[in-house]
Each structure stands twice: as C-alpha cells, then as structure tokens.
Number of protein chains: 2
Amino acid sequence: VTGRERLLIIGGDAGGMSAAAQARRRAPADRLEIVAFEKGDYTSYGACGLPYYVAGEMDDPEELVSRTPDEHRSQGIDVRMRHEVIAVDLDARVLRVRDSDAGADRSEPFDQLVFANGAEPIRPRLPGVDAQGVHGIQTIGDGIALREHVVKEHVGDRAVVVGGGYIGLEMAEAMHERGMLVTVIDAGPQPMSTLDEDMGALVAAAIRKIGLELQTETRVQAFETDEDGHVRAVVTEHGTIPADIVVLGTGVRPNVRLARDAGVKIGPSGGVKTDPRMATSVPGVWAAGDCVETFHRISRRPVAIALGTYANKQGRVVGENATGGYATFGGVIGTAITKVCAYEIGRTGLNEEEARDAGFEFVTATIESTTRAHYFDGSPEITVKIVAEKRSGRLLGAQIVGREGAAKRIDVMAAAIWNEMTADEFVQLDLGYAPPFSPVWDPTLIAARKAAAMR
Amino acid sequence: VTGRERLLIIGGDAGGMSAAAQARRRAPADRLEIVAFEKGDYTSYGACGLPYYVAGEMDDPEELVSRTPDEHRSQGIDVRMRHEVIAVDLDARVLRVRDSDAGADRSEPFDQLVFANGAEPIRPRLPGVDAQGVHGIQTIGDGIALREHVVKEHVGDRAVVVGGGYIGLEMAEAMHERGMLVTVIDAGPQPMSTLDEDMGALVAAAIRKIGLELQTETRVQAFETDEDGHVRAVVTEHGTIPADIVVLGTGVRPNVRLARDAGVKIGPSGGVKTDPRMATSVPGVWAAGDCVETFHRISRRPVAIALGTYANKQGRVVGENATGGYATFGGVIGTAITKVCAYEIGRTGLNEEEARDAGFEFVTATIESTTRAHYFDGSPEITVKIVAEKRSGRLLGAQIVGREGAAKRIDVMAAAIWNEMTADEFVQLDLGYAPPFSPVWDPTLIAARKAAAMR
C-alpha cells in the first residue's frame, strides 16, 4: 500500500540489529520499512557477558542488552519480539512468521532479507543431556537459569563444566567465585584448544592454581540423574564425577536450517556462504553474524567463527549494502582473548596445527617476559608464542598467556598479521614504552626478534 | 700487536651497549676488540625508571641497571668506567680519553667508532639555576640526589617541577606520593605538549584531580636562593612560588659536541646525521641512541627523539653493521606512553600541529568510551583522538588519555600508522574482545569509525 521497500531481518541480536541500525541511518522511514523478527525475549544482547552476570558483576540481566526493543523502535526499526520465522520462500519473497504470544502464524512479504539467526549450541547426544540442571550458555535465559541455580544452592555444591574453551572457563571461574567446587572436563590434551598444546598447558596450570579441578583427555559418556530427573553426576570414560549442576561449553554451530531449506547456499564450513559484501547466493538476500561463513585472511579458507565483534561489523556492512551503499567485510584472522581470574589469554592468526593444515611451513618462537619493568613488585609474567612462515618470516599467528596487561597485547600482533608483516618488520615497530607498562623491549618485540632469528 | 680490529664506543648506556652486545654476538674476541668508554658510574641504565626509584618502587638504584659493567665484561666487552672521551681525531683514527680516577689522559686508536654519548639536559640559563636543590632528572646520580632529598626532608615540603612533559609529570607523581606539595609549571597552554591542546586539557584535569598544583602558560624567570645557596622559591611571570626542591623537566638535546668537533655531520634536528644503517657521514663511524637524528616515517622529516627503545634498536643495528652484517633502523613514528597515578596517556604519529607542519590536510575524530564492558563497576573511561589525512583517510596520528587499560592501546594504532592503514581499513581489524578488556567495539575502532565517516 505504501510503496515502501521492505527489509526483513531474521534475528534480533548483534548481526541483525547492526544491519537494521545502519540501514535506518542511510534510508528514511518513508522509503524503507525495516522489521526484525526475534524469537526470544531480548535484542542486541552480549552472550559473552553471561559469565559476568552469573559471577554477579551486575544484578540486572538487562544490562547485557546494549539496545532494547523499544530503543530500536524509537529509531524507526520495527522489532517483533517472540516472533519466530518458521519458513522462508525466496521465490514468492515471503516469510512465514509465528507469533508465540498470539499463537498464530502470519506471512510477511519482503524485498530484501537478512539472515541473522545466529548459532545453535552443540549439545552432545548423550544419555541424560536433557536432564534438569544441565545448562547451555548461549541465551540470557541460560544465564538467568544458571545464576538462579548458583545463587539458590548452597556454597560448596559441585559444578561440572564440559568443554574448556573460552566461555566454559569463564563460566567455571564465575561459579568458582560463587563458592562452588568446579570441575572442568575437556576431551583434548589441554583446555583452550584454539591454543597450541604448550600454551594450553600454561592455561591448565593456571586454572589448577586458581583451584579449579581439570580433567583433560576425558570424554563424557552420560549424565546420571536422580529420581526427580535432575542431574547428579557426569559419567566419563575415566570415572563418574558428582555434579549438582552441569554447564555445557561444547561450542556452537551456525544456525542455517532456515537458509538451507530456502535454497540459500551453505559453505563448506557449515555457515551461510557470503561474498565480501555479505551477500548470499540469492540476490537481495544478505547474512550477518554467527550464522555466516566468512573468510580467514591467513589460511585463505572459509571459516565460521561465532564472535560478537564479527557480527557487529558484518551487520553494518549489510545495512550499508542493502540501502544502495557499498561496504565490504575484510574477513577475520581469529583473534580472541579471555580472562580467567588473574590469568589472561589471547590468540590471533594460525596456531601450529592450523598453519600446517593451511599448507604453511613455519618456525615457532616462545619467550617469557613481564608486562612491566622488572623492578616493579610482582611484575606480571607473560609468555608469548609466535608462529612465522619459514624463509619469508611472515607472521602467521601469535598466542599469549600471562597476567595483568597480557591479553590485549594480542591486538598489536593482530594488526601486524593483518598487514602481513614479517617478524623482522615487526621488530622495527615503534611501540609504547614506560616502566609501568612494559620492559624496554616489549614482550611481543622480544618474541618477534627470536622468530626473526630462527627463520 | 694482536692484529685484532678495534671497535670503540663512546657511551655505556642503551645505544652503546646494545651495539657492543650485538657486535660481540657476531664477532669472536680474537677477531674484534670492543671497548666502551663511560664517563659516569653506570652502564645500561634506564633513565625512564628514575621516577620509580624516587617514588620508592625499589630501594637499590642498581635495579635500574639492566647490565652492569662486570656483566658486560663477562661477555667479552671491555668497559672502562669513569672514562670520558675528550677528543676524537677521525683522520688519525684515535680517541683522547680521560681516566677520571687516575686523572690521566690516554690515546686509544680505533678501526671503527660508535657515537653513543646520549643527550644533555636543557638547563634554562636563568638566575639561580645552579643553586642547591635544583635537580636534573637524567642520570642515576640525579635520581639518588633527588630521592635523598625527598626522603630526608619532612613531608609537606614544597616541590616545583618545571616542565609538564612525561618525566616531569612522572617525577611530580613520585614526590606527591612521598607526601610533598607539588606544583608543576609549564610554559604551554597545557601540560604534555606532545598532545594536542584538547587532549592536554584532559591531562591537566587529571593531575589537578590527583592533587597536584598546575600552572600553565607560565614562564620561569629565576630561582631565589637562601643564604646557604639553596633554592627557596621559583620566580615566574605570574608570581613567586615557594620551593624546597626544584626538578627541571625541561627536556634534552642530542649531545653532539664531540662529533661535531670531529667533523661528523650534524643534521637539521640537531642530532648526528645517520643513514638507515646508522652510519654517520664518516666511513666506519656509527651512531646510536639519544645523540642521533633519525627519520620520522609519517612527517618524512629528520627528528631527534630521546627514547630508550630507539637507542636499543639502533644499537643492535650498529652492532650488526659494524661486524659486516646488514641491518637497518626503520625510523620512528613518535610513540610514547606514560602513567600519572591512575591516569594513562599515549600518543603516536603526528598531532594536529605536527600534521599541519608536515603539510597534511586532515580531519580529527575524538570519542569517549571505556576500557571494559559498561556493566563492570567503575569501567575505566578512555578518550581516543585520531588525526587522519583528508580524502585518503590515512591514519596520521592518535592520542589517548584514560585510566586502566588505556595507554597500551596506542600500540595497535602505532602498528596501523606504521603500515599506512586508512581509518576505513583500521575499522576492519580483528581485535581482541572480551568484557573485562573492552566494549564490543574497541575504543580505537570507534574512533577510527568516526574518522572514516568524516574524511
């Protein structure tokens, strides 16, 4: 009736709402209608903040929300909460949407469409996995349930975290700080499998020092439940671990069922295939966030990595392109950081296994240093590992484990890797030095110097 | 007699001893004799650590020494302490050296020579500047004298720091922490003149909040002394300030008298002119550290900047080249960071005035953010300012003022500026994100996004 174009968005989190916001900035409401469908209760929330909500950094889960539905609406974006898109017809260009409150379905026509329906947790198909007390850690609902349990139960209760990745360890710390006895189980030889084994061993030592129990090379076989259907133990190949609560930190995969069923091309990594403008295989259909496959600049391979920073950037690119602008997403290099109590962990680029897989020959250099001048009391230690291409010396990846001031040093390595600098070139960089922040040779420079000498 | 080559080094601090160490690594002692002459009492000390010695971070000034004369000797480097080189004859290739202990002069022939005699403090030629209680802040001797005074005198004594640059402010903090009443006087409109005035104003507000007295746009005219010849007040154009102790943070200039008298070319910035291999205008004669002129990669102009990180790198380059190797120093972009109580300051590249001087047209973008997710209690604030070239959007400079986690963020900006990235390209960077370290959009990315939109 209005003659306005219609841009529909599936998913109201980082990717979708960044797309909506950027499109709104560029196109007036009388020219473009923007509607986002979110099946849950929140928009634009940071799942990465859930461990801090469980730990009690803040008491209101709404604080994890960077923009509420009403805030989006006041910007001229129509947000439909508890609306699940159940089918996509790309020929008719119409969505089938279920309104959970009204219990009714409706058809919604569109001119352009954005898939931003995120990732789904990988739940191991094991006996008892659906028992009460076995929690995921993806939605605010997960966080609320987990925190309620943690707060209600007595201190000293036993928690088991399955999967020693970023969010698994962060959640383990949160529960540990709440006074629970926490065991982390990981199938690999070390936790934090995006690090090499030698660097993962430092993480293992750190979290054991903190007081967390850690069982590596241990696969979960089942979850035992009590007569009420509540989990009471985790059965592993090496024995049974009592558990009052279980947290599944077993990763996520792109949520692509809708897109695949609609005929949108899915890439080899399992995410929606996108070009640099975040266009899918179907004209006028875009994708952003955890559901997409993007490009790894160093391995030159398609990858699907669920990360809020990527979702935000990709969403902006979609919003620009869907309104006649031009923007591209430059791909990723897999930078990630985390903090477990006093310990900080960072990684970027390719680790040894990834470099090998990608066909590189390489050298590695690992150094120990501190993040302040040595004469400061308790100057925090830091270990930096660099993976550099043989002969060229080009930086391929870096890993950091240390204490205060360690993790964010990954950024300068990420900028260097992004720019394809060699270790030799990196050593020349004019980095900030002052005794409270660094030895005269920054630890990253010392590592690069060593790598440069090895190639 | 031995047939060995002789490499002599004037100055036993960072530049000279890095050259010596690298040369020693590459050339065996039976082929190359290395002798360093140091007129003072210490080798390889970090002058940048002096404020922390005065503040009491450590009690032994030797802790500022990264390698003692004996440690150098054990590596096969002949270090002659309290030996001052008083003349250089480049035709005869011989040094005239004064042994302060023996009170005798000696001639020392050389094959290759390294000027590494550092910088000299700029002492304003004002009445009373040589009074007792007026201290420099360059040598460990300065630091010891200053600390003795600070510790001996009563708390509540008045200190005046002339010059609100890095080391002036660091020393002001140190004395403030020791319980003194500290006034900082600066001739400019704001302290920290390597920042733009708007960013300097943030520093001014911060140091006033800490409890330091600050007088800007104030020129010192004289130092009043008591009958014992001890300073008792600082006379300025705006009045007289009582002072029990005065610290001169009025900067340094390259120490080039010896080199100039010997016929070595001095550059327009006032430092010894060097090529990328750190060779001077005379074959077989090298230079490293605070006495040299080097190249600013963004302004493309010769500059003389006294900084330990440059001295270390340049020294290594000299040690490589003096032993038949090949290495170059890549120039500088003027990165610097500091900490004053809880406040952190960083800068890199060109500020507005420097960019204008260098002939650039530019835009600036300034943003306020935090260094952790907003929901952390007291998430530290940070202000980031970017100077970017008009039209191209190329990053020319960045400045940061903030609290915990702020200053070292300058490194990623430095790496980007070094690589001539545009603001648009910077926004794509894959930087580390986790709630304890950053909002989802790192403050540096937010600033670059704003700059990209302005150009």
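All values below were derived from every heavy atom in this structure, side-chain atoms included, with hydrogens, water molecules and symmetry-related copies excluded. In the text below, chain A, chain B and the rest are named by the order of the sequence lines, each starting its count at 1.
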Specify the closest pair of heavy atoms between [X] and [Y], including all atoms of both residues, with the distance to one decimal.
X        : Y        : result
A:Ala415 : B:Ala415 : CB-CB, 3.9 Å
B:Met421 : A:Asn419 : SD-ND2, 3.3 Å
B:Pro435 : A:Cys48  : CG-O, 3.4 Å
A:Leu429 : B:Trp418 : CD2-CG, 3.4 Å
A:Asn312 : B:Val440 : ND2-CG1, 3.0 Å

If you round to the nearest 0.5 Å, how far is CG of B:Asp59 from OH of A:Tyr375? 14.0 Å
First locate atom CG of A:Leu431, then atom OG1 of B:Thr335, and finally report the distance between them rounded to the nearest 0.5 Å. 7.0 Å
Side chain, backbone, both or neither: which part of [X] has an atom under 4.5 Å from a heavy atom of chain B?
X        : value
A:Ala373 : neither
A:Arg347 : neither
A:Lys339 : both
A:Phe329 : both

Side chain / backbone / both / neither for [X] at chain A, heavy atoms under 4.5 Å:
X        : result
B:Lys313 : both
B:Val317 : neither
B:Arg297 : neither
B:Thr338 : backbone
B:Phe437 : both

[options]: which one forms the most heavy-atom pairs within less than 4.5 Å of chain A?
options                      : result
B:Tyr53, B:Tyr310, B:Phe426  : B:Tyr310
B:Asp411, B:Asp424, B:Ile417 : B:Asp411
B:Val412, B:Ile410, B:Leu64  : B:Val412

With chain B, the option among A:Asp377, A:Thr348, A:Thr309, A:Val427 that has the most non-hydrogen atom pairs under 4.5 Å is A:Thr309
Top of A:Ala327, A:Ala14, A:Gly432 for chain B proximity - count of heavy-atom pairs under 4.5 angstrom: A:Gly432
Within a radius of less than 6.0 Å around CG of A:Asp60, do more than 12 heavy atoms belonging to other residues, nucleotides or ligands occur? yes
Taking atom CD as the centre, does B:Glu404 end up with more than 12 heavy-atom neighbours from other residues, nucleotides or ligands that are less than 6.0 angstrom away? no
Donor-acceptor contact present, side-chain [X] to main-chain [Y], <3.5 Å:
X        : Y        : result
A:Asp430 : B:Val332 : no
B:His374 : A:Glu63  : yes
B:Gln428 : A:Thr328 : yes

Might you work through the side-chain contact (heavy atoms from CB on, under 4.5 Å) test for B:Lys408 and A:Lys408, ending with a clear yes or no? CA-CA 8 Å; B:Lys408 264 299 222 178; A:Lys408 263 297 220 179; over 6 Å; no
Within-4.5 Å side-chain heavy-atom neighbours: B:Met58 and A:Phe376: no
Give the interface residues of residues 442-449 of chain A toward chain B, defined by a heavy-atom separation under 4.5 Å. A:Asp442, A:Leu445, A:Arg449
Test B:Leu307 against A:Tyr433 for side-chain contact (heavy atoms from CB on, under 4.5 Å), laying out the working first. CA-CA 9 Å; B:Leu307 214 56; A:Tyr433 160 63; 5.7 Å; no
